[in-house]
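Here's the structure, in structure tokens; my notes come after.
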Amino acid sequence: MSGAPFPGGRAASAPLMGHETEPTLFEMSVASRSAYQLRTTGVPATALSELVPAAHLNPEVVPIAEVSERDLVAHFTRLSHRQFSVDLGMYPLGSCTMKYNPKFCDAIAGDPGLNAVHPGAPASLSQGWLEILVTLEEKLCAVTGMSAATLQPAAGAAGELTGLLLMRAYHEAKGDHRRRVLIPDSAHGTNPASVTLGGYEVTTVPSNERGLVDLEALKSALGPDVAGIMLTNPNTVGLFEEEITEIANAVHDVGGLLYYDGANLNAILGAVRPGDMGFDIVHMNLHKTFATPHGGGGPGAGPVAVAPHLVEFLPGPRATRVGDGYFDWVAPTRSIGRVHGWHGNALVLARALAYIDVHGGDGLTRVAQHAVLNANWLRHRLRDILPAAYDRVCMHECTLTATSLKNKYGVRGLDVAKALLEEGFHSPTVYFPLIVEEALMFEPTETESVQTLESLAQALERIAERAQVDPDSLRRAPQSTPVSRVDEARAARQLIATADAIR
Amino acid sequence: MSGAPFPGGRAASAPLMGHETEPTLFEMSVASRSAYQLRTTGVPATALSELVPAAHLNPEVVPIAEVSERDLVAHFTRLSHRQFSVDLGMYPLGSCTMKYNPKFCDAIAGDPGLNAVHPGAPASLSQGWLEILVTLEEKLCAVTGMSAATLQPAAGAAGELTGLLLMRAYHEAKGDHRRRVLIPDSAHGTNPASVTLGGYEVTTVPSNERGLVDLEALKSALGPDVAGIMLTNPNTVGLFEEEITEIANAVHDVGGLLYYDGANLNAILGAVRPGDMGFDIVHMNLHKTFATPHGGGGPGAGPVAVAPHLVEFLPGPRATRVGDGYFDWVAPTRSIGRVHGWHGNALVLARALAYIDVHGGDGLTRVAQHAVLNANWLRHRLRDILPAAYDRVCMHECTLTATSLKNKYGVRGLDVAKALLEEGFHSPTVYFPLIVEEALMFEPTETESVQTLESLAQALERIAERAQVDPDSLRRAPQSTPVSRVDEARAARQLIATADAIR
Amino acid sequence: MADYLPHTDDDVQSMLTFLGMDSLDDLFAHIPDAIRLANGLDLADGLSEPDVAAIFAGYTSANKAKATAMTCFAGGGAYDHEVPAVVKVLSNRSEFVTAYTPYQPEVAQGVLQAIFEYQTLVARLSGLEIPNASLYDAATALVEALNMAHGATGRQKMVISSGVHPHWREVARTFARGTGHEIVEVPLRDGVTDWSSVDVSEAAAIVAAYPNYLGVLEDLSAAKELATKNDALFVIGADPVAAGVLKTAGQWGADVFVGEGQAFGTPLSFGGPYLGLFACTPAQVRRLPGRIVGETVDSSDRRAFVTTLRAREQDIRREKATSNVCTNQTLMAVTAAIQLGWLGTYGLREVATRCAQGAHYLYDQLRALEGVEALSSQPFFREFAVRLAKPADQVIASMAESNVLAGLSVSALSGGPDPSVDVDIDNVLLVTVTERRTKDEIDHYVNVLREALTR
Amino acid sequence: MADYLPHTDDDVQSMLTFLGMDSLDDLFAHIPDAIRLANGLDLADGLSEPDVAAIFAGYTSANKAKATAMTCFAGGGAYDHEVPAVVKVLSNRSEFVTAYTPYQPEVAQGVLQAIFEYQTLVARLSGLEIPNASLYDAATALVEALNMAHGATGRQKMVISSGVHPHWREVARTFARGTGHEIVEVPLRDGVTDWSSVDVSEAAAIVAAYPNYLGVLEDLSAAKELATKNDALFVIGADPVAAGVLKTAGQWGADVFVGEGQAFGTPLSFGGPYLGLFACTPAQVRRLPGRIVGETVDSSDRRAFVTTLRAREQDIRREKATSNVCTNQTLMAVTAAIQLGWLGTYGLREVATRCAQGAHYLYDQLRALEGVEALSSQPFFREFAVRLAKPADQVIASMAESNVLAGLSVSALSGGPDPSVDVDIDNVLLVTVTERRTKDEIDHYVNVLREALTR
Ligand SMILES: Cc1ncc(COP(=O)(O)O)c(C=O)c1O
Ligand SMILES: Cc1ncc(COP(=O)(O)O)c(C=O)c1O
């Protein structure tokens, strides 16, 4: 007898040594084991029952987990070895701009001079932070060609909704109650969802055979009840809306506003600005264009910049330059109010400012140039196995299609995406945008070298070859990953969202 | 044609996605790519040829590598995924004390208040550092029962040689020129190598059938030409030299000194001190007992503590408490001189002090107790498949033997060690100490839980079973690791020590 | 000129040649000239990292209030808790930091399992079965709860205690501009919500705070009863640290729990990125906002994790989605799982207890000070409000000179008068004590405050 | 009471039961009572991490000379170079930090390949074919070089230029106590080694420094000739940063190169852990000290790396080993590979060039100062010695008040009179400029020094 009923502690779950599963923190837990260490305070250790009435005390102990620091480290280090990341290799997820995240910007955010500041400290005691916010706002306006911005929205979708509320405030201030917002059929799902939350109805505008907004269809959808249109340019297919000025005029003509979904801003830095295209409201995804890390699904930051006629409505309070080198919080006169519990994802904002400062105007321009160069090189390189949905010069991403593989060998885009994992690359975005059949959307970003692009192309060539020779192996892919293809249907059928769920 | 002759950038080399090799930094290099960014200084950029005579300038450019920061990150992150470590799982290497290295101690060493101090700064400007060194010295003396210590030696072997030079200085100061140093046959290889460098000859003392120094053989090896003896206690088999007092008396009786190899100090913290056993000189491996990380083979730190009669010979200068809260560098009166370019591996020393402060006397005592408990539990748990070379209570490590597996199935200790890698554990130390046939030396350390020990035991049971059923598979192990069994003979036959070596 | 671009001039040339182009400009030729930027961006040229670091050194030195330089007694939803080195190191593992949302579960088990563990902890601490994978912060989590209540009841009226943090209420008001919700704020009397003062009939949600933002522990039974009686969802915004020892939202009968998870391993960070905690009853699962990770198996029947119930989400349901949230705060959720793993069951209890002990120790001393009066006589947990003889912002400014961040001015927090405070709000100071505050620091606080009041 | 031990009381009890024991003491029962500690260690009880952090905060604030607070013009073998965030992050990957020496190559390819890359870089920078995997530091690397020379020639006489760093020479003298080497130190004249002043016949090694520790670039042809003529090994201790632009040790004809690798990514660290660089000609490979990594294949013919030529090492050869070194400085070697990868071919050249530019810019201004005299008229690289009108330690102390670390006192470095300096050594200051020093900082230095001299 060993006295140890539940074995643990193996590294077999780390792919370094095999493909077994890692226990959960709760499975590792052993009663009265612990890791925490707290400061000696000297504060009288009065029993809690003397401080708080019994009615408030939980009669039960809420179980967390009881593990040693050593096991905690092993567990999360092993989990990290089961996780792909930009730092491990190319992550060509279209629409996600998974570029290299400079460690320098992380170091900036890790400085206690920034991260140990309480958000409720008076402005006089947090001048450095206010200056960061003001400076970032100014630079984002320079990049987008807008007048002012709010930095509060915590991600792109939050920026969208903020933008729609600004649109609403603008119209309502004029006593103008509009009903609809136009959205192209290629739009990202957050756009229509935000429209609903903004209190508007969605009118979908079809794309034409060139993958662009159908200008005639757009015009016929317009009317005095249209509050505005949400676009991203380049659009989600990776193509530039060449008739953007005509679109802008048409929307403005009916009194509508133009909203720019900044997810694809990386393509046009230094080349063209949303403001110059006629947009009134622009959100940016700092976690895309400005290289702040995605964190496995956030945090992001979705600042919203606006044209002069919308500045008075911006969320407040806004860090503002109020005097010679002095900054204070000022609420815009007709502010829609806060859209975040404090000032936004501040450390993400600081990272983005550091990124902008390092690049400067010249560097940001090169960023877009090389991002576009890479996408076009890849598109052209892959033309024989995965043709582009729209075969012409694209911007920072290229939407390819696996229809011919599907028709010939029954290999779907998803299978290609999964097989790519075995080849050491993250998959592209699959089945988005919805308007392209068997879409595989590759966004290489500017930080990948041409060697890496070539390597990706060769991997896809090998996969195309396997499609011919052994299509079944692709449908079973991936096999060399920590787990093989995951049963998503089962997860949805019987929800097990916690370790305590009844199975 | 793609314009990219050398593909790169795949993560396939990271075990997460497969088992391919990672290119070298040099294979990734592309002319005029770069990552570095330097401060703008404003210093006149005079041509180097105007500053340095042509005779000194290298007419050629020394090639380093030309990679982007992104590729640098991917390369070394992928390499890290090809590397086992304590943070990933149990690392029961006997004699190496691979315990958990607290992240707190790393944070201490990462503070610019310590790591940005120039070693040549005057004492008045580096009082914090001097206080750290003095405090650590005092605490190490309390742990070992000695009078004073030098913190300069950079690892255990450096400590050994320093100790031998102290031994020599002691004898020579008395005009006593001795010739030999005794070493048990179970000693670590650094011991005899250090003896040679200390200018002495090695006399090997055999172990008896209990795995301990043969006292009679020792006595007969002693004589007036013996400068001293080097021992570790517990010895390298993991057993306590119970006759240590008799040994000490015998050595002292001929005027010799006792040197304590501190590699195994973890076993006896708070239980017994080398000074009380009669040792005159003690080195410690802070990278073992005091949990400073091994760094893949260093840095370590090997302070040497001595009894009163050796203090005057210690290397200098030594940080010394010279007044009320003031510290200065003082050279011992008959110092043998420096043994390190500066003050030793200072950041390692700071980590060790933090570790000692967290544990305190009580915690260090528990460390040894639990380390010994774990080793004995494991020894007893494994008795049926891997019997102990000496079957009785051991200290912090247990030396088991695979002879029966070898005799029965032709499976060697090395095969067991390699198979263990497939099971998610690092191998134990194999074939050391030399006096045990097919030795597998396990040192679980105190930071592993009994669950982990049980898991290890079950893995070894599976391996023992495989030895019976499919011994060949063990001889081919490991297979699930980044590379399979490595051809060591070929490496030695044709040395390829650099990417430029002729193949 | 600094950047992170790999391409050499030769690379660019050969790539252009491959594309049959002459210059990088050709790639942008299809953009109409009229809108092309003629002279690039109106931004200075790039600087090297160390040059930028020097600029930021200026910012950090201008941040006088950093908790490393000033002893922090400010709270109000943002707490100065111990974050040990081990948690920082693990949560900074680049695999977690530089991953995207786990779209390909086969190579995202690390993040997915960590979220699953986070979800388990949120469920336990909230006492509610269905957590999600995180939201932006507590304020926006409250908005999602209101949207859920609207979805569940079809009603628009949201009855919110003014004991809910003023910023959360403000955010709720902002988003109500789009959803059309009617926000009814219920005043406090002696620090306790006076539910009887408003009409709660036809309410979609009854929202209470626990403890409320002024620190008071309200008895929530009455609010629960109101919610039940009126078929409204009962939403509790709770301090998750308190959940280490106090009744959980579930125990009080909540249908929805929202909270701020910053306390679990995320530094003060000037307010973000923080962590919106969210959990609800199984009855509301199809209305859950954001992502949720579920357990399943892979094709070899090994346990695996995956984001699930995706049919609620915006990328699939588009304008009918339960929420528009996409990118959320995963890294903070992973961090919370790590920090809670470090604290463990008894560490969390210890932190909660020490917070309460420190707060009460300080409170008892302040009550004896001239010019300081407790705002309410109610029980509290780890923060409390006092009414000073002087404006709170003046006191904060003068205590800052002694490197004490005295707390938060309640009028600054509320942006003016607020139904939560029925006395002169300008003089109300919200004081918070965490487990990091020592007796010496607290005693020093008392002395410095005494001085500030008599100055 | 704080520790990192997992065992609960129950664990301990059940484990003891498994062993048939009653208490932990039983495990130590075989240790004779006479030597057992009766009352434990004479050390205070353990403190929690934050308590210990508070103690260390006291130490760090007492370290006035940190380069973050004082502009560093000190060098002498320890340099204030730029270490970017990316290098810190990568070299702190816990897989590198918490691994042991790569005894099991199948799970140590990460460290092994990184060392292989490091070795390649050392070979290139030294101009010698056979590097090793690192030694403790430059001083001990020099000792290994002397031992190699002894092994190669059978001789004991080591002729060392006093341009070699005083500490390295002292370490050589210390270890010569054991090996019995005769250390002959050669004086400098006007900063240049006067080889003719000593008898080099029967020398095992001729050791020169490049640049020498006073910054001077000596022409090493004469020394090389002496070595050749006397069948001695020619050992060069060179600044590896200089190797970015200056002649390599190999180009000067060295048989052995030693150097300090701290400049490659390791912070000043109060002197350690640093990195002993070592390389030699193929003729000496069997005498190589320490570990060396070689390329080979695995059983599937995939490229793999492994420590090789192990037959030289102490664990196999024991008392006949080429060296006693076991644990070395791998993490610093890995860090050097990363830092050099970041610098790249042209970054290293740029760093070297900027060091020289800064040093000459400062030198030119100092020459114009009253009370400052150049110690030698010879060419130098990035540091130089000046003779002041006042004792160097006084000047350093007074410049420190303006937050300038003025340099190193050569008499402090030498521990007294030294054959390298033939003037009043107390007044000699060694001044260093790295690529991090700005023109403003250098100009400020000049002003502060002027003040210090006239005070
Ligand atoms: C085109 C587009 N719009 C909006 C978004 C939403 O951004 P976020 O995820 O930051 O909310 C995304 C994110 O993927 C996107 O690709
Ligand atoms: C028993 C023993 N002595 C000495 C040493 C040498 O220590 P170091 O590697 O620090 O030089 C070791 C290291 O493995 C050891 O195990």
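Proteins get letters first, then strands, A, B, ... in listed order; numbering begins at 1 in each.
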[Y] ring center within less than 6.0 Å of [X] ring center:
{"X": "Y136(C)", "Y": "H340(A)", "result": "no"}
{"X": "F18(C)", "Y": "W377(A)", "result": "yes"}
{"X": "F381(C)", "Y": "H56(A)", "result": "no"}

What part of [X] lies closer than 4.5 angstrom to a heavy atom of chain A: side chain, backbone, both or neither?
{"X": "V12(C)", "result": "both"}
{"X": "A321(C)", "result": "side chain"}
{"X": "V52(C)", "result": "both"}
{"X": "T248(C)", "result": "both"}
{"X": "L24(C)", "result": "side chain"}
{"X": "A243(C)", "result": "backbone"}
{"X": "R349(C)", "result": "side chain"}
{"X": "L27(C)", "result": "both"}
{"X": "A412(C)", "result": "neither"}
{"X": "W168(C)", "result": "neither"}
{"X": "I292(C)", "result": "side chain"}
{"X": "L125(C)", "result": "both"}
{"X": "L343(C)", "result": "both"}

Find the distance between [atom1] ([X]) and [atom2] ([Y]) and round it off to the nearest 0.5 Å.
{"X": "T24(A)", "Y": "F116(C)", "atom1": "OG1", "atom2": "CZ", "value": "7.0 Å"}
{"X": "S48(C)", "Y": "D357(A)", "atom1": "OG", "atom2": "CG", "value": "11.0 Å"}
{"X": "S300(C)", "Y": "R476(A)", "atom1": "OG", "atom2": "CZ", "value": "11.0 Å"}
{"X": "L47(C)", "Y": "I356(A)", "atom1": "CG", "atom2": "CD1", "value": "12.5 Å"}
{"X": "I35(C)", "Y": "E242(A)", "atom1": "CD1", "atom2": "CD", "value": "9.5 Å"}
{"X": "Y4(C)", "Y": "Y100(A)", "atom1": "OH", "atom2": "OH", "value": "7.0 Å"}

Checking [X] side chain against [Y] main chain: does a donor-acceptor pair fall under 3.5 Å?
{"X": "S85(A)", "Y": "T98(C)", "result": "no"}
{"X": "K247(C)", "Y": "A55(A)", "result": "yes"}
{"X": "R177(C)", "Y": "I336(A)", "result": "yes"}
{"X": "S449(A)", "Y": "P6(C)", "result": "no"}
{"X": "D45(C)", "Y": "G360(A)", "result": "no"}
{"X": "N328(C)", "Y": "G298(A)", "result": "no"}
{"X": "T60(C)", "Y": "G113(A)", "result": "no"}
{"X": "R124(C)", "Y": "V62(A)", "result": "no"}
{"X": "R303(C)", "Y": "E22(A)", "result": "yes"}
{"X": "D87(A)", "Y": "S94(C)", "result": "no"}

Flag side-chain contact, heavy atom, 4.5 Å: [X] against [Y]:
{"X": "Q369(A)", "Y": "F28(C)", "result": "yes"}
{"X": "K66(C)", "Y": "P112(A)", "result": "no"}
{"X": "V367(A)", "Y": "D3(C)", "result": "no"}
{"X": "S194(A)", "Y": "E319(C)", "result": "no"}
{"X": "F432(A)", "Y": "D315(C)", "result": "no"}
{"X": "N63(C)", "Y": "L125(A)", "result": "no"}
{"X": "L19(C)", "Y": "L373(A)", "result": "yes"}
{"X": "D80(C)", "Y": "H118(A)", "result": "no"}

> For T438(C) and T40(A), which heavy atoms make the closest approach, and how far apart are they?
Replying inline: CG2-O, 3.9 Å

Side chain / backbone / both / neither for [X] at chain C, heavy atoms under 4.5 Å:
{"X": "D487(A)", "result": "both"}
{"X": "V372(A)", "result": "both"}
{"X": "T21(A)", "result": "side chain"}

> Can you tell which of Y100(C), F96(C), Y103(C) makes a ring pair (Phe, Tyr, Trp, His ring centres under 6.0 Å) with H294(A)?
Replying inline: Y100(C)

Which one wins on heavy-atom pair count under 4.5 Å against chain C: [options]?
{"options": "V486(A), T481(A), V86(A)", "value": "V486(A)"}
{"options": "T46(A), L38(A), T365(A)", "value": "L38(A)"}
{"options": "T196(A), V117(A), V272(A), D276(A)", "value": "V117(A)"}
{"options": "S126(A), P293(A), G199(A), A121(A)", "value": "S126(A)"}

>> Can you confirm whether the side chains of D298(C) and S484(A) place a donor and an acceptor under 3.5 Å from each other?
In response: yes

Choice from [options] maximising heavy atom contacts with chain A below 4.5 Å:
{"options": "R310(C), R354(C), K64(C), E170(C)", "result": "E170(C)"}
{"options": "H7(C), R93(C), Q119(C)", "result": "H7(C)"}
{"options": "A133(C), G341(C), A139(C)", "result": "G341(C)"}
{"options": "L348(C), T308(C), T174(C)", "result": "T174(C)"}
{"options": "V86(C), L16(C), D393(C), I130(C)", "result": "V86(C)"}
{"options": "G40(C), G244(C), S61(C), P105(C)", "result": "P105(C)"}

> Taking the six-membered ring of Y346(C) as reference, does the NZ or CZ atom of R33(A) fall below 6.0 Å from its centre and within a 45° cone about the axis?
Replying inline: no

>> Using 30° and 60° as the class boundaries, would you call the ring planes of F240(A) and H30(C) parallel, tilted or perpendicular?
In response: perpendicular

>> Taking the basic N atoms (NZ, or NE/NH1/NH2) and the acidic carboxylate oxygens, is any pair closer than 4.0 Å for R485(A) and E106(C)?
In response: no

>> Assess the residue pair N58(A) and Q251(C) against the criterion (side chain to side chain donor-acceptor pair (under 3.5 Å)); give the C-alpha distance rounded to whole Å, side-chain angles, the decisive distance to 0.1 Å, and a yes or no.
In response: CA-CA 8 Å; N58(A) 190 338; Q251(C) 285 170 328; 2.9 Å; yes

